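First up is the structure itself, then whatever we jot down about it.
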Amino acid sequence: MPLSWNEIRSRALAFSKEWAEESSEDAEAKAFWDAFFAVFGVTRRRVASFEEPVKKSDGKGGYIDLLWRGVLIVEHKSRGKDLDRATKQAFDYFPGLKERDLPRYVVVSDFARFRLHDLDAGTEHDFDLADLHKNVKLFGFMAGYQSRSFGKEAAVNIRAAEKLGKLHDLLKASGYEGHQLEVLLVRLLFQLFAEDTAIFERRQFTDWIEQRTSDDGADLGSLLNTLFEVLDTPPEKRQKSLDEQLAGFPYVNGRLFAENLRSASFDRAMRETLLDCTALDWSQISPAIFGSLFQSIMDAQARRDLGAHYTSEHNIRKALGPLFLDDLWAELGKLKASAKSNAKRLLEFHAKLAGIRVLDPACGCGNFLVVAYQELRLIELELLREMHKHRETGFLDVGSIMFVDVDQFHGIEYEEFPAQIAQVALWLTDHQMNMRVSEEFGQYFVRLPLKKAANIVHGNALTTDWASVVKPADLSYIVGNPPFVGKKEQSPAQKSEVMATFDGLKGAGVLDYVTCWYRKATDYMTANPVIRTAFVSTNSITQGEQVGILWGDLFTSGVKIHFAHRTFQWSSEARGKAAVHCVIIGFGLQDRSDKLIFDYDTPQSEPHALAATQINGYLVDAPGVVISKRSKPLNFAAPEMAYGSMPIDNGHLTLTEDDAQQLIAAYSEATPYIRRYQGGDEFINGQVRYCLWLVGCPPENLRAWPLIRSRVEATRAFRQSSNRERTNELADTPALFGEIRQPTRRYLFVPKVSSENRHFLPIGYCEPEVISSGSGLLVGDATPYHFGVLTSTMHMAWMRTVCGRMKSDYQYSAGIVYNNFPWPTPTEPQRKAIEQAAQAVLDARAMFPNSTLADLYDPLTMPPELTAAHRKLDKAVDVAYGKPAGFPTEAERVAYLFKLYEAATA
């Protein structure tokens, strides 16, 4: 058990006084360091050895003055000797040590001075013997107080995954696999963590392996099972004849070591790999990624792509902060400002923290619960600091005033193994936070044996009654990251669960799987409307037709959105992994006045918070209307929009440029039937394709063109082989496109997919001879006025808000975007002003005949003439909407459009 800091400081003062008066000859160096270790409550001979032989960097032999393997090297000199030279000598020993024995700390001393190097932190500290008591916390690693950085841990996480993953692979290759291997590795990981965080004594597990198991590893598996039994047995029930080293291990409980495992057969390589694992500083691994780390260990591919499975604490806090942590910190801040006169309120706040209950109904390995618990403990720690300031004496027993505990956290997890990991991860977090409390108040505080545990239920969250996990009356918050599975990727079972969850809701078949958790949470909260919820989700649930279906249903049930992170990129450090674009939505059944929208300039940037009056299903500050698919334009004066034509040909009626030239060379008279063919890519990027457009082609001509006829025959064969009856019917007209919607007059082409980086949607006019595919949308009777409005910032703002997305690119649709768009009602002069400004945009484009629309609308290369033309067009369109001064922000622009939509559909 670590000494208190007060005791350590007292010992340090006595040590300094004693050795300041000693003659301090070289012969006394061993006594000096034995006494130094004792200052921190460590028996030197149990952890470190003097005069350790080693081969130096120059190849010659030498002796390390003092070596604590994997922790510390000491190089000691006579009083007044050069410490720089001593430091170089210490580092010269490094090449002769095994990797797992390399220390984190190097100390050099001459009795009167100390120099401490922390190689991980990259720091160096120099001080005199007389000031040791002021610097004892630098040696916290000796006493068992291991500080952990709460920043990014990616490097150490990945090293840990690689080390333990190698052991996993070796054991699995030997035939030890499945549930037994999973449980064994969880236990080993707990012990690695335990000896680096003062659950065990420092190196207790490592020394036991090195000293009590054979080098060839033959007895390691059976001896590990013996150790597991010891860890699961209270001291008073252990055999009296138990080996002293085994008896020194603490009783852990928590059922972590209760299950009997088949002994694993280790060999020399496996034992060495386990010892290599012990060399890492496991205290630096955050339990928040403990589960993700372990999943990567169990899967070699996941291990290589650890970043893809890593839910960063930073992103988790984006949900937890506005859900409840920010409020708690703010409340504590107010209490601290008046704490002297409100001691009772501090106690009430403490009781409030202890009363918080959190449920993650898709908890996986417990990431969200771990961070939530860690943050609650940090708030409690700050509260205790404040309470301590106003006490005349310190806390007699710090353990008696620690109220927040792991049993305040509940989870549901579909897979058994992650559910077990979640529980262990919360225990480890509890211990880390207990060590912070110990360091803060100078009293060692540990909760062993384990008595309380998080309530993690193994089951399907969509078929489990959440009230059976935790009663609604007892719960405070629901939070998590439910599975992202789109409509097309859902298994038959998942599709059935969606339909069952949204029983009877029209259109529910298009909803993402994650939406089920929104519906279940809403139903659960009806029993206790003060509960608040926040989920991380794919951004698709706030786009396109899903909004009208999901949020129409939830708003009808009384849901209010309290805060929202608009689209951002879920952090991933894995190479070659597609970025996941997410939103976070906080909601409940009671309204709040302090609503917030967290907006992002780009999906990769940091958010900025905006106060909101009302947050709708598109995550904008606007009326709570939802937009459903519409078959005709909301404004009946607007021309209709249609899809382009679909060949349904398996590529036989479409041609490359070379194909087209070969056919024209063979049959010049076929030229009128070989047409330019374009989809969104061709239109935007200037790519050239052709198609066989055989509408009106005389049969005798077709028979006379065997190369073309063979393509028609192949199209017929493809259609006949289809499983779709409608496609079979199209085999009767194999020379024609399967779906023909080609305008006979000049038309406006709108690409269905366009880059999110463009400020304007690249639309334009096409002649009827150019055949447009289904990746474009066509407006057949579009005037310059229609072109002007559709290419304006006003329409872009609408599209960006309500359209669907393909990844993060805009996915335009007729049914949602175009047909629901609230057109202006201009006067005749206003209409003419828009037409003139629209023509100016076309003229500006024409100034650059060799540029594609991709070139013209790239924000980095957009010509100033085109930019100026669009500004004038935006001004004319804003005037037509009755806003000659324009809109300060896009959010206000969108809110105005939603008001128009609400009025038009009232």
Side-chain angles (χ1 to χ4, degrees), residues 4-6 137 145 147-148 150 313 316-317 319-359 368-410 426 429-447 451-452 454 470 473-479 528 530-532 534 562-563 586 588 590 592-594 596:
S4 72
W5 284 118
N6 288 338
K137 286 196 174 184
Y145 295 107
S147 298
R148 185 179 82 81
F150 282 79
E313 295 181 40
I316 292 171
R317 289 188 183 93
L320 294 173
L323 180 63
F324 67 96
L325 293 177
D326 293 347
D327 288 347
L328 291 175
W329 279 113
E331 184 176 351
L332 177 57
K334 292 178 181 178
L335 290 174
K336 287 171 64 177
S338 58
K340 286 187 177 179
S341 57
N342 286 282
K344 179 182 177 183
R345 290 176 60 196
L346 287 173
L347 292 172
E348 290 171 349
F349 182 71
H350 202 177
K352 177 180 178 177
L353 294 180
I356 289 172
R357 300 289 182 273
V358 180
L359 168 67
F368 278 74
L369 296 177
V370 163
V371 176
Y373 181 54
Q374 176 182 289
E375 292 295 316
L376 270 186
R377 288 292 302 271
L378 288 173
I379 294 171
E380 183 182 41
L381 178 58
E382 185 62 26
L383 172 66
L384 293 177
R385 288 190 186 112
E386 188 64 23
M387 295 170 71
H388 187 260
K389 278 167 48 178
H390 303 291
R391 292 174 60 94
E392 293 183 4
T393 59
F395 297 118
L396 295 178
D397 176 12
V398 71
S400 67
I401 47 89
M402 298 303 302
F403 293 171
V404 178
D405 211 334
V406 292
D407 60 344
Q408 296 172 226
F409 295 84
H410 308 264
L426 279 157
T429 304
D430 180 63
H431 182 70
Q432 280 190 335
M433 298 312 300
N434 292 342
M435 294 309 295
R436 290 193 72 165
V437 171
S438 299
E439 186 172 359
E440 179 76 23
F441 295 107
Q443 294 182 29
Y444 181 64
F445 171 53
V446 62
R447 286 173 173 144
K451 295 178 181 178
K452 295 182 179 180
V470 53
D474 296 334
L475 193 68
S476 312
Y477 306 102
I478 302 170
V479 69
N528 182 10
V530 301
I531 297 170
R532 303 209 302 268
H562 300 151
F563 71 89
Q590 293 184 343
R592 287 175 65 96
S593 60
D594 55 346
L596 287 173

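Everything numeric here is computed off the predicted structure, so don't read it as measured data.
- Residues meeting the side chain to side chain contact (heavy atoms under 4.5 Å, CB included) test with Q590, sequence neighbours left out: P529, V530.
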Chi angles and distances behind the side chain to side chain contact (heavy atoms under 4.5 Å, CB included) call for L353, F403:
CA-CA 8 Å; L353 294 180; F403 293 171; over 6 Å; no
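- You'll find the side chain of M387 reaches within 4.5 Å of the side chain of H350, heavy atoms only.
- The main-chain N or O of D430 is found under 3.5 Å from a side-chain atom of N434 such that the two form a donor-acceptor pair.
- In this structure, L383 CG and L376 CG are separated by 11.5 Å, a value rounded to the nearest 0.5 Å.
- Put simply, the side chain of R317 reaches to within 4.5 Å of the side chain of V371, judged on heavy atoms.
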Trace of the side chain to side chain contact (heavy atoms under 4.5 Å, CB included) decision for L347 with K344
CA-CA 5 Å; L347 292 172; K344 179 182 177 183; 5.6 Å; no
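- R436 is listed as a side-chain neighbour of L378, based on a closest heavy-atom distance under 4.5 Å.
- With sequence neighbours excluded, the residues that form a side chain to side chain contact (heavy atoms under 4.5 Å, CB included) with D407 are D405, K452.
- L596 is linked by a side chain to side chain contact (heavy atoms under 4.5 Å, CB included) to F563, F598, A609, counting only residues two or more places apart in sequence or in another chain.
- V404 and A354 make their closest contact through CG2-N, 4.4 Å (heavy atoms, listed as atom of the first residue, atom of the second, distance).
- Going from atom NE2 of H562 over to atom CG of D594 covers 8.5 Å, rounded to the nearest 0.5 Å.
- Minimum interatomic distance between A319 and V479 (heavy atoms only, all atoms of both residues): CB-CG2, 4.2 Å.
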Test side chain to side chain contact (heavy atoms under 4.5 Å, CB included) on I531 and Y477 and set out the steps.
CA-CA 5 Å; I531 297 170; Y477 306 102; 5.8 Å; no
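- When every heavy atom of I478 is checked against every heavy atom of L323, the shortest pair comes out as O-CD2, 3.8 Å.
- Here the CG-CD distance, from L328 to E380, works out to 12.0 Å after rounding to the nearest 0.5 Å.
- Atom CG of L475 sits about 7.0 Å away from atom NE2 of H410, to the nearest 0.5 Å.
- Taking the six-membered ring where tryptophan is involved, the planes of F409 and Y373 are perpendicular, since the angle between them exceeds 60° and thus also 30°.
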Working for salt bridge (charged side-chain N to carboxylate O under 4.0 Å, His left out), residues E348 and R345:
CA-CA 5 Å; E348 290 171 349; R345 290 176 60 196; 5.5 Å; no
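- Between Q408 and G355, the shortest heavy-atom distance links the atoms NE2-N, 4.5 Å.
- Atoms CD1 and CD, from I316 and Q374 in turn, are 9.5 Å apart once rounded to the nearest 0.5 Å.
- With values rounded to the nearest 0.5 angstrom, K352 atom NZ is found 3.5 Å from E331 atom CD.
- Checked for salt-bridge contact, R532 and D327 meet the test: a charged N lies under 4.0 Å from a carboxylate O.
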Where do M402 and M433 land on the side chain to side chain contact (heavy atoms under 4.5 Å, CB included) test, with the steps shown first?
CA-CA 11 Å; M402 298 303 302; M433 298 312 300; over 6 Å; no
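- Considering every non-hydrogen atom in both R357 and D474, the closest pair reads CG-O, 3.0 Å.
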